Novice: 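Structure provided below as structure tokens; questions to follow.
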Amino acid sequence: MSNIIPTRYEPKEIEERIYAEWEEKKLFRADESSQKSAYSIVIPPPNVTGVLHMGHALNNTIQDILVRWKRMQGYDTLWLPGTDHAGIATQNVVERALAKEKRTRADMGRDKFLERVWQWKEEYGGTIIHQLKRLGCSCDWTRTRFTMDKGLSEAVMEVFKRLFEDRLLYKGDYIINWCPRCGTALSDEEAEHRDLSGKLYYIKYQVEGALKLEIENKDYIVVATTRPETLLGDVAVAVNPDDERYSWLEGKKVILPILKRRLDVIFDKEVDPSFGTGALKVTPAHDPVDFALAVKHDLKPINAMNNDGTINENGGEYQGLDRFEAREAIVEELKQRHQFVKMEDHDHSVGHCYRCHTVVEPRLSKQWFVRMKPLAVEGIQVVNEGKIRFHPERWTKVYLNWMENIRDWCVSRQIWWGHRIPVWYCVDCLGGKSPRDVEVDGPGVTGVFLVTGEEKTTKCPFCGGGNTAQDPDVLDTWFSSWLWPFSTMGWPRETAELTKFYPTDALVTAQEIIFFWVARMIMAGLKFREDIPFRDVYIHGTVRDSTGTKMSKSLGNVIDPLEVIQEVGADALRYSIISITSQGQDVFLSKDKFEFGRNFANKLWNASRYVMMNMEDHVPGKASAGNDLAGKWIMSAYNQAVDDVQKSLVAFRFNDAASALYEFVWHKYCDWYLELSKLSEDKVVTREILITVLDGILRLMHPFMPFITEEIWQKLPSKNGEFLMTSGWPVFDETSVDLVATNSMEALIAMITAVRNIRSFWNIEPKVSVDVVFKVENKRDAALISENSVYVEKLGRCSIKEISEKAARPGKSVSSLVNRIKVFVLLGDAIDLEKEGKRISDRIEELQNYLITLEKKLDNKDFVSRAPAEIVEKEKSKKEKFTREVRTLKENLEAIK
RNA sequence: GGGCGCGUAACUCAGCGGUAUAGAGUGCUACCCUUACAAGGUAGAGGUCAUAGGUUCAAAUCCUAUCGCGCCCACCA
């Protein structure tokens, strides 16, 4: 008993209902104890504060396609979902909420504040999960993870401990990127460099004791800087030793303007004589190059800034001013002192906080770092050996380049929301030194110890005292994300999940995240689990708006996927976005693009409706086309589609798979087979084929459009409570590929098209039937036409008057050549001889021009001897074909004269 | 300063392991509410594949250069 499919396709109702059914039947659940082969993917955990944007929609559609495809193939699939705690972003969100209540985290205290963040997480942190469900994602929600979960936190602690013990983790003074607004250090990756048009300021520094006449009548040196306010932290002036302009400064001191500090002049090859004046002010606490110089020349850095970007006590009267206000004020004072030379336009790239977009300040600070070079070695190796593959391949180079030049990773953050660094300090052992200032490199530093895992004692292991305090900082969010592929499966315990599902199979992500996440996961997997975390990395493009700008909420150019789903359905959204995304190319989106998927879903819906209407009380059996030409043809084409889709998916060519399906379903199955089926005489065979192919189409399309296919499939005859989602994936059946049937059917289609074409050209009204005559060259062609005359007559709206090898051209007719078959269409008085003459001569000219190039090609000895035989054959048969057509056209031209 | 990607029909894009008179969707034109579908059907118009060289029997496809556009990385103060 088949169910009736409603006339109208209502995606919203269907999608919500179907998803609930899947959930209820627990179809997403992966079974770690089953014997089936595993296929697993971990979700790139979205930020808990996030809402679903188009980038997520694309990313998760791709993953869902992979997972559904593999699940249908019989794999035990695990798609593990979750979110990350997004330390800075989440803290910012909650702080903003507090600000509305006129409160700050400082006056709440750490514990209360964290309580509040957890509260926020419970309330709003699930948004994106719900949205992913609405998209149709078949994740195993019972395994949803969060980077601050107990299990994952234990993994973080374990990793911290191992790195610490292996001396891959240290605390030291280095220049880091500091966000004055968030009040924390950032990693290099978290500082987004943007080109700004800034200024280059030229400033005079007096040379101590220099006589004016010494050289060029000068007693000063001019330095150039983009950040004049940093002069408050200057400790030297550096010039290149080979720069003769400055050799007179040997042994001299210069006087820092405003503060009047005495500065050394140092000579170092690092200084580029061609930049600015060739003299560099050295500010080790605020610039990485200067810091390196200071280390080399044994200079003590002077920090001139507070955490919030204001000038500190080292800045004299500028103390308390914001860095940019200080810049203005200092320039003003320099002008008054006649120490300001000039200001030039200067474009340079400036780091911005990736969370709040404030200009970051390079700043000397004591932070925790991970030594990356030792970890990168193996990460490079596995990619070079092809154990991990990037798709498209070009990203391999990007990855390797970053890995080969990797720098230490600053992992401490001066915020509260995150995994607190499990390092404790014994105030007594440190003898009054502030824990903040302690340098640590591995175990053994008196007064510094780790508290991880179960042991809860915070007594100092060195002196046994209890006057201890924990490091106030938390770890970078990525310090938990980089463990995601195994921490989510229970590591460090050897769980059944890990055994079965690790390494995972594919990682699907965006290019922006290669350094942040992909590379680090590879290193973490190899270091802690001693195995790669995944085998294939598929990098998809960035979703941009129609002007090519990256979609972002602050720009207001977002297309909200939920809105699109509301309007056209998740299936349509999925199909559209997959179709327009080719192999990692950026996607330029506009709303009208989604009509594509919507129309296709609608087409599928209606085609299915037609098929079901014809099933009546049909009991499905085994489809066999027997001698039915159309049946053999569509079965052959269907199997071709199975093959195409499979091959495309294997190659991560999702858009190719989508367009192969589109072409087959719409232009073969719907446009032709359904029309042919209406005329079929053997209803039993036809029904069988209709339903069999529809069943296959639904299976092939399920990963792309899960909802509509599931809905229709369940209404197919004999699907008693089964789910398409967990049924089988079509297998390419080579024996169904029938070239003879394909050629014959294509010839018939061409004949019908030819008749339609002529009708249209001569403005024959659709209602009027025309008479046609076929002149064939052999009995097989004659049989093909006569056996399928219904198709030709009905679809071409014509009546066949004659099929013969000797048919003569009827009077007042026009003709067309299809393969070797000549089709005459009798037009009677509709024909305009002059118009027809012109039509024919135009065509003759066109063909003759082409024939000339063809002949040239075939006359070319090199071509004939060097090109593959089949190509030459192809060209020859083309020549024959067109020569024949020209001959026919010429006869026609004669005939109408 | 390096690295990468893109310039194909009016628009948005496929095609780029060399061998179609270069494809799709949208838009456009004409006709059609033909009992699955007007979110549709039939037929059609529309392209010197950015430019210039080169390799080849053969180039949108490979190489080189140029011009546009976009992205990523980098300590030019």
Side-chain angles (χ1 to χ4, degrees), chain A residues 5 7 9 175 193 200 223-227 230 238 270-272 274-283 287-292 346 348-349 362 392 394-395 397-398 401-402 405 511-512 514-515 541-542 544 546 548-550 568 572 576 579-590 592-593 595-596 598-614 655-656 659 662-663 667 670-671 674-675 678 753 756-761 763-767 794-795 797 846-847 849-850 853-854 857 860-868 870-872 874-875 878 882:
Chain A
I5 296 183
T7 317
Y9 164 54
I175 295 280
H193 286 265
L200 191 58
V223 300
T225 178
T226 52
R227 293 181 295 157
T230 62
E270 288 299 303
V271 181
D272 175 5
S274 65
F275 186 88
T277 60
L280 165 71
K281 62 190 252 334
V282 181
T283 323
D287 187 280
V289 177
D290 296 11
F291 179 73
H346 179 69
H348 59 148
S349 92
R394 66 187 137 95
W395 296 108
K397 220 168 131 185
V398 176
N401 186 47
W402 187 79
N405 297 296
Q511 60 186 72
E512 298 99 82
I514 295 178
F515 308 138
T542 307
R544 297 172 190 284
S546 45
T549 318
K550 189 173 161 183
V568 298
S576 305
S579 298
I580 60 177
T581 311
S582 70
Q583 278 263 303
Q585 218 53 263
D586 285 355
V587 190
F588 291 71
L589 261 192
S590 58
D592 53 350
K593 297 258 164 81
E595 285 174 19
F596 179 75
R598 179 199 59 178
N599 293 354
F600 189 39
N602 191 245
K603 190 75 181 175
L604 180 65
W605 183 261
N606 284 299
S608 306
R609 223 155 56 79
Y610 164 79
V611 173
M612 298 299 286
M613 283 162 71
N614 282 282
N655 64 319
D656 284 355
S659 56
Y662 186 91
E663 168 66 22
H667 297 306
C670 294
D671 285 353
L674 294 196
E675 294 308 320
K678 293 173 186 172
T753 307
R756 284 172 172 174
N757 186 321
I758 289 168
R759 293 181 56 102
S760 169
F761 186 83
N763 296 323
I764 309 292
E765 282 193 42
K767 282 165 205 142
K794 294 282 184 193
L795 298 178
R797 297 253 171 159
E846 191 186 327
L847 282 176
N849 283 337
Y850 181 56
T853 63
L854 262 183
K857 201 169 182 181
N860 187 331
K861 278 185 209 120
D862 287 326
F863 172 69
V864 179
S865 60
R866 304 187 47 184
E870 50 179 280
I871 302 292
V872 178
K874 212 168 165 183
E875 296 298 290
K878 246 198 265 177
F882 290 121

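In the text below, chain A, chain B and the rest are named by the order of the sequence lines, each starting its count at 1. All figures in this text were calculated on a predicted structure; none of them were measured in a lab.
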Novice: So A:Asp671, base contact, sugar-phosphate only, or nothing? Heavy-atom distance under 4.0 Å.
Specialist: sugar-phosphate
Novice: With the side chain of A:Lys874 defined as its heavy atoms from C-beta on, choose the nearest nucleotide among B:rA14, B:rC37, B:rA20.
Specialist: B:rA20
Novice: To the nearest Å, how far apart are A:Phe515 CZ and B:rG3 C1'?
Specialist: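 Roughly 10 Å, once rounded to whole Å.
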Novice: Of all the choices, B:rU19, B:rC71, B:rU21, which nucleotide is nearest to the side chain of A:Tyr850 once you look at every atom?
Specialist: B:rU21
Novice: Need one value for A:Ser659: base, sugar-phosphate or nothing, where a base atom within 4.0 Å counts as base even if backbone is also close, heavy atoms only.
Specialist: nothing
Novice: In terms of side-chain heavy atoms of A:Arg756, which of B:rG44, B:rC75, B:rU42 is nearest?
Specialist: B:rU42
Novice: Could you check which of B:rC73, B:rA20, B:rC37 has an atom nearest any side-chain atom of A:Lys878?
Specialist: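 That would be B:rA20.
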Novice: Return no unless some side-chain N or O of A:His667 is found under 4.0 Å from OP1 or OP2 of B:rG25.
Specialist: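 Yes, because at least one side-chain N or O of A:His667 sits under 4.0 Å from OP1 or OP2 of B:rG25.
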Novice: Under 4.0 Å, heavy atoms only, any strand: does A:Pro868 hit a base, just the sugar-phosphate, or nothing?
Specialist: base
Novice: Any side-chain N or O of A:Asn757 less than 4.0 Å from the OP1 or OP2 oxygen of B:rG44?
Specialist: yes
Novice: To the side chain of A:Phe863, which of B:rA43, B:rA36, B:rC57 is closest?
Specialist: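 The answer is B:rC57.
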Novice: Between A:Asn655 and A:Asn860, who's closer to the 5' end of RNA chain B by nearest nucleotide?
Specialist: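 In this pair, the answer is A:Asn655.
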Novice: For B:rG40 and A:Asn599 - does any side-chain N or O of the residue sit under 4.0 Å from the phosphate oxygens OP1/OP2?
Specialist: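 A:Asn599 to B:rG40 OP1/OP2: side-chain N or O found under 4.0 Å.
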Novice: Counting side-chain heavy atoms from CB outward, which of B:rA36, B:rC75, B:rC57 is closest to A:Tyr610?
Specialist: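 Side chain of A:Tyr610 sits closest to B:rA36.
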Novice: Per the atom types in the model, does the base of B:rA20 pair as donor or acceptor with the side chain of A:Glu875 at under 3.5 Å?
Specialist: no
Novice: Does the side chain of A:Asp287 come within less than 4.5 Å of A:Arg227's, by heavy atoms?
Specialist: yes
Novice: Apply side-chain hydrogen bond (donor to acceptor under 3.5 Å, both in side chains) to the pair A:Lys593 and A:Ser579, showing each step before the final yes or no.
Specialist: CA-CA 10 Å; A:Lys593 297 258 164 81; A:Ser579 298; over 6 Å; no
Novice: Write down the distance separating the P atoms in B:rC76 and B:rA60, rounded off to the nearest Å.
Specialist: 43 Å
Novice: Check the pair A:Tyr610 / A:Lys678 against side-chain hydrogen bond (donor to acceptor under 3.5 Å, both in side chains), numbers first and verdict last.
Specialist: CA-CA 10 Å; A:Tyr610 164 79; A:Lys678 293 173 186 172; 5.6 Å; no
Novice: Taking the minimum atom-to-atom distance to the side chain of A:Lys603, which one of B:rC75, B:rA77, B:rG41 wins?
Specialist: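 Nearest listed nucleotide: B:rG41.
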Novice: For the residue pair A:Leu280 and A:Asp272, establish whether any side-chain heavy-atom pair is separated by less than 4.5 Å.
Specialist: no
Novice: Can you tell me which nucleotide in B:rA77, B:rA43, B:rU34 comes closest to the side chain of A:Arg797?
Specialist: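 It is B:rU34.
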Novice: Rounding to a whole Å, what distance do you find between A:Trp395:CH2 and B:rC73:P?
Specialist: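 The answer, rounded to whole Å, is 10 Å.
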Novice: Between A:Lys678 and B:rA36, is there a side-chain N or O to OP1/OP2 distance below 4.0 Å?
Specialist: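 The answer is yes; a side-chain N or O of A:Lys678 sits under 4.0 Å from OP1 or OP2.
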